[in-house]
Amino acid sequence: MVEIIYPDGSKEEYADSVQVKELLGKLPRSISKKAVAARIAGVICDLDHKIAEGGDFSVITVDEPEGLDILRHSASHLMALAVQELFPETSFAIGPSIKDGFYYDFLLERNFTPEDLEAIEKKMRELLKTGDLQFIREVISKEEALELFSSRSQQFKVELINEIQDDTVSIYKLGSFTDLCRGPHIPDIKMLKHFKLLSLAGAYWRGDEKREMLQRVYGTVFFSADELKEELDRREEAKKRDHRKLGPQLGLFDIKEEAGGGLAFWYPKGFILRELVEGFWKKEHRDNGYEMIMTPHIARSELWKRSGHYDYYKENMFIINSSEGQEFVLKPMNCPGHILVYKSHLHSYRDLPVRYAELGTVYRNERSGTLHGLLRVRGFTQDDAHIFCTPEQLDEEVDKCFDLAHHILTTFGFHEYTVELSAHDPANMDKYAGSPEEWQMAESALLKAIEKRDIPFKKIAGEAVFYGPKIDLKLIDAIGRGWQATTIQFDFNLPRRFNVQYVDSEGKKEYVYMIHRALLGSIERFIGTLTEHYAGLFPLWLAPEQVRIIPVGKDFHEYALQCAEKMKKAGIRAECDLREERLGFRIRECELQKVPYAAVCGGDESENGTLDVRSKSKGRVGSKKIEQLIAELVDEVDRKA
RNA sequence: GCUGGUGUAGCUCAGCUGGUAGAGCAACGCAUUCGUAAUGCGUAGGUCAACGGUUCGAUCCCGUUCACCAGCUCCA
C-alpha cells in the first residue's frame, strides 16, 4: 500500500508501486507540463521512477532553481556522450551543474582545442536531433558497478564507487554513455536544446594539485532560447565592463609587464579617483571614532617571527636582506604594526575601545597564476583598522563596523550585498587559538549584527581560520555579480603572542579582544570593482574629469577657458578641449572617455553667458546659464548621486 | 605553482608550408575653422615579449624565462 499526499493536502492510496508520471495527471496542468522531476517524502527522483513508499508528493518544475540544476546536470551527460563518441579513449571524472551552467572533467591524451569544442557542440546537436535518446536509470550492486566501470577503464568512477557507503549504486544510461550518477535527470532530452559550450580549462581531479590534471569543458543551458541569450549577453556585457580593459582605456590604471604581475600603476585620472575614495574613507573614519596611524613598509624579521607570520606565511612574504646582514620583511599585513602602536603605553579599560585605522600598503608574494587585474595583486592598500576592546564592548563594536561598512558601501553605489559567517568547527577545537567561550562570544556578536539587519547570510561551520571567526561581505554589482569587499575578523592569536592587554577596573591585566577589519577590502580591488559596477561611467562625485568644455571654434576658446576657471573655483573638475578638430570628433572622444558632462560653447553661449550641456547618461539637455550649471553640478556632487 | 592558450607599431588585429613585416585607429605635419559619436592628404613609427638553440637564413621550428588570458589550486 502506497499513500501519496498531494501538495494541496489531498491523499490517495495505491495498491502497489506507482510511477510518478501517473500522479502528474492529478496536478493542475499548468504545473504538470512544467515538471522536470519529482519529490516524494523529501527525496527527489525521475518522472519515470516507480514509487514504492508513500509520502508528501510534489514536482520540481522548470521554474525552480532545482529544475535548472537538473537540466544542467543532464546537459553534462549529453556532453560526455558526445565526447565519448568523438574520443572513445576518454576517462570520465565528474560533471555537475554549477552556478551559471555545467561542466564535465575528462582525462584523455589529446589536448582539446577550440575546434574540438565546436566539434563537441556539433556532435551534441546531432545527438539531440536523433530524437530517440533518453536517460535510463538502473540500480545495481556495488560489485556490479565496480566490474562495469573497471572493464571500461573508468578509474575515476571506480574510485568514487569505492567511497560510496551503500550496497547499491544508481547508474544512468544515455545512449552509449553510462555514468555513475545519483540523478535525477530530465524526462525528455529535447529540453536540452538551448545550450552553448563556453570554454576549456584545466582542473585537478578532486581539486587536489597533487593528482591528475583533467580537461574541463564548461557550458551552459537554459529551458528557453531567451534565457540563454540573456546569459550570453550578460557575459558580453561583463567583457565590456572588464576593468583590465577600461583602466588603461580611460587613463585610470594599468599593470606593467616591465614591473611584474600584480603591481598597479595609477595614472593621473586614476589617482584622482583613488584620492576621492580615500578622502571619503578617511573622513568617515574620523567621524566614527577612528584614529589614523601609519606604520613602516618593512620591519625586522623578528617582528614577523613573533607574530607567527614568518612561520605560517613565509611563502607569501617578500624578504629583504640588508648589507649589514639584518633581515627585513616587506609587510604583508598591518596588524603587528598596529599592535606596536597600541603597546606604546599601558591602556586602562577606560581608554577602550581603541580604533586604529591605516590605509596600509602591503605586499604579498601571491602565486603567479592567481593574479588578476586589480582584483588579485601582489601590492595593495588595505583600508585596514584594528579595534582593541573589552568583552563587554564586543557587540557594539561589531555593530558599528557593520553600520560604517553599510554607509560607505551604499554611498559608493552598492546597495545589495550578501554575508558569509565563517564559524568554528566544534568537533575540532584543538586547532584554534582562543577558548571556546571566546569563540562563542565572538560568533554571537557577529551573528547578532547580521540578524539585526535582516540580510541574506550563510553560516559555514569549520570555515573559520585558526585565529578567529569572521564575516565577509560580498557586494552585488549592477549586473548581479558578487565581489568580495568587507571583512570583519576576530583575532585570538596575536593579542597573546604580543601580550596585548589592558588594565581592568580591578587593576588586573586582561587580554584585549582584537577585531581586524577592512571595509573596502583593498583600494585596488575596490576601484576595480567600482569600475566594473559603473562600467567606467562613474557618478559625478567620483568622475576624474567631470565636465569637458568644447568650444565650437577658435573664437570661443577664451570663453571656454573662463567657464572652466569658474567651475574650478567651485570645485568642479573641468577641462577644455581646445584642439582644432571638428566638434563631432571631440564630442565622440568625450563620450568614449565617459566624461559625465560635455559643455559646448559658441556664439550664442558666449553672448548669453550659457553653456550647451550634454550629459553622458541623458544626451543633450540644452543650454544653461553658467552659474546655474555650476550650482546643479555642485549639488549633484554633494548628493554623491 | 599546475593545465591549456596567447604575446607582431601606443591601441585593435593581418601575416599560407622558415627567405628579417602590413592594415585601421591613435601620434606628428599640412590644409580645413568646423554646432553635438570619426574632415581630407601626407609623414613617421617595429630587437615580431626576452634569452639560447637548430639552420646558409628564424616573427615562423625547438628549449628556457617573463607577462597576459581561461580555469584549477592557493588566499595562515
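Reminder, nothing fancy here: chain letters follow the sequence lines and each chain counts from 1. Below, each value reflects all heavy atoms present in this structure, side chains not excepted, and no hydrogens, waters or symmetry copies.
A distance below 6.0 Å separates the ring centres of Phe92(A) and Phe106(A). Residues Phe414(A) and His533(A) bring their aromatic ring centres within 6.0 Å. For Phe271(A) and Trp266(A), the ring centers sit 6.0 Å or farther from each other.
As rounded to the nearest Å, A37(B) and U73(B) have C1' atoms that lie 45 Å from one another. Taking the P atom of each, G52(B) and C11(B) are spaced 25 Å apart, rounded to whole Å.
Atom CZ of Phe556(A) and atom P of U36(B) are 14 Å apart (whole Å). The interatomic distance linking Leu592(A) (CG) with C25(B) (C1') rounds to 11 Å, in whole Å.
With contacts defined as side-chain heavy-atom distances shorter than 4.5 Å, the pair Pro96(A)/His73(A) does not qualify. Contact annotation: the side chain of Gln546(A) never approaches that of Leu633(A) to less than 4.5 Å [non-hydrogen atoms, C-beta and beyond].
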N/O to N/O distances under 3.5 Å, protein versus nucleotides 43-49 of chain B:
none

Check nucleotides 72-76 of chain B against the protein and report each pair of N or O atoms closer than 3.5 Å, with its distance, or say if there are none.
from   : atom 1 : to        : atom 2 : distance (Å)
C72(B) : O4'    : Gly202(A) : O      : 3.3
C72(B) : O2'    : Tyr204(A) : N      : 3.0
U73(B) : O2'    : Glu209(A) : OE2    : 2.9
C74(B) : O2     : Arg376(A) : NH2    : 3.4
A76(B) : N6     : His309(A) : NE2    : 3.0

All N/O pairs under 3.5 Å across the protein-nucleotides 31-34 of chain B interface:
from   : atom 1 : to        : atom 2 : distance (Å)
U33(B) : N3     : Glu580(A) : OE1    : 3.1
U33(B) : O4     : Glu580(A) : OE1    : 2.1
C34(B) : O2     : Arg582(A) : NH1    : 3.4
C34(B) : O2     : Arg582(A) : NH2    : 3.4
C34(B) : N4     : Glu580(A) : O      : 3.3

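Looking at Tyr467(A), Phe466(A), Trp439(A) one by one, the single match for ring pair (Phe, Tyr, Trp, His ring centres under 6.0 Å) with Phe492(A) turns out to be Trp439(A).
At least one test fails for Arg300(A) against the ring of Phe328(A): distance under 6.0 Å to the centre or angle within 45° of the axis. Both tests pass for Arg72(A) against the ring of Phe222(A): distance under 6.0 Å to the centre and angle within 45° of the axis.
Using a 4.0 Å heavy-atom distance criterion, Asp311(A) is classed as making no nucleic acid contact. Note on Lys616(A): a base of the nucleic acid sits closer than 4.0 angstrom, heavy atoms only. As judged by a 4.0 angstrom heavy-atom cut-off over every strand, Gly603(A) is placed among the base-contacting residues.
Close to A70(B), at under 4.0 Å from its OP1 or OP2, lies a side-chain N or O of His372(A).
Counting distance only, with no hydrogens placed and no angle test, the side-chain atoms of Glu605(A) and the base atoms of G35(B) include a donor-acceptor pair under 3.5 Å.
A 6.0 Å sphere centred on NZ of Lys305(A) holds more than 12 heavy atoms belonging to other residues, nucleotides or ligands. Residue-environment remark: NZ (Lys624(A)) exceeds the threshold of 12 foreign heavy atoms within 6.0 Å.
Nearest-nucleotide mapping onto RNA chain B: of Leu214(A) and Arg378(A), the residue sitting toward the 5' end is Leu214(A).
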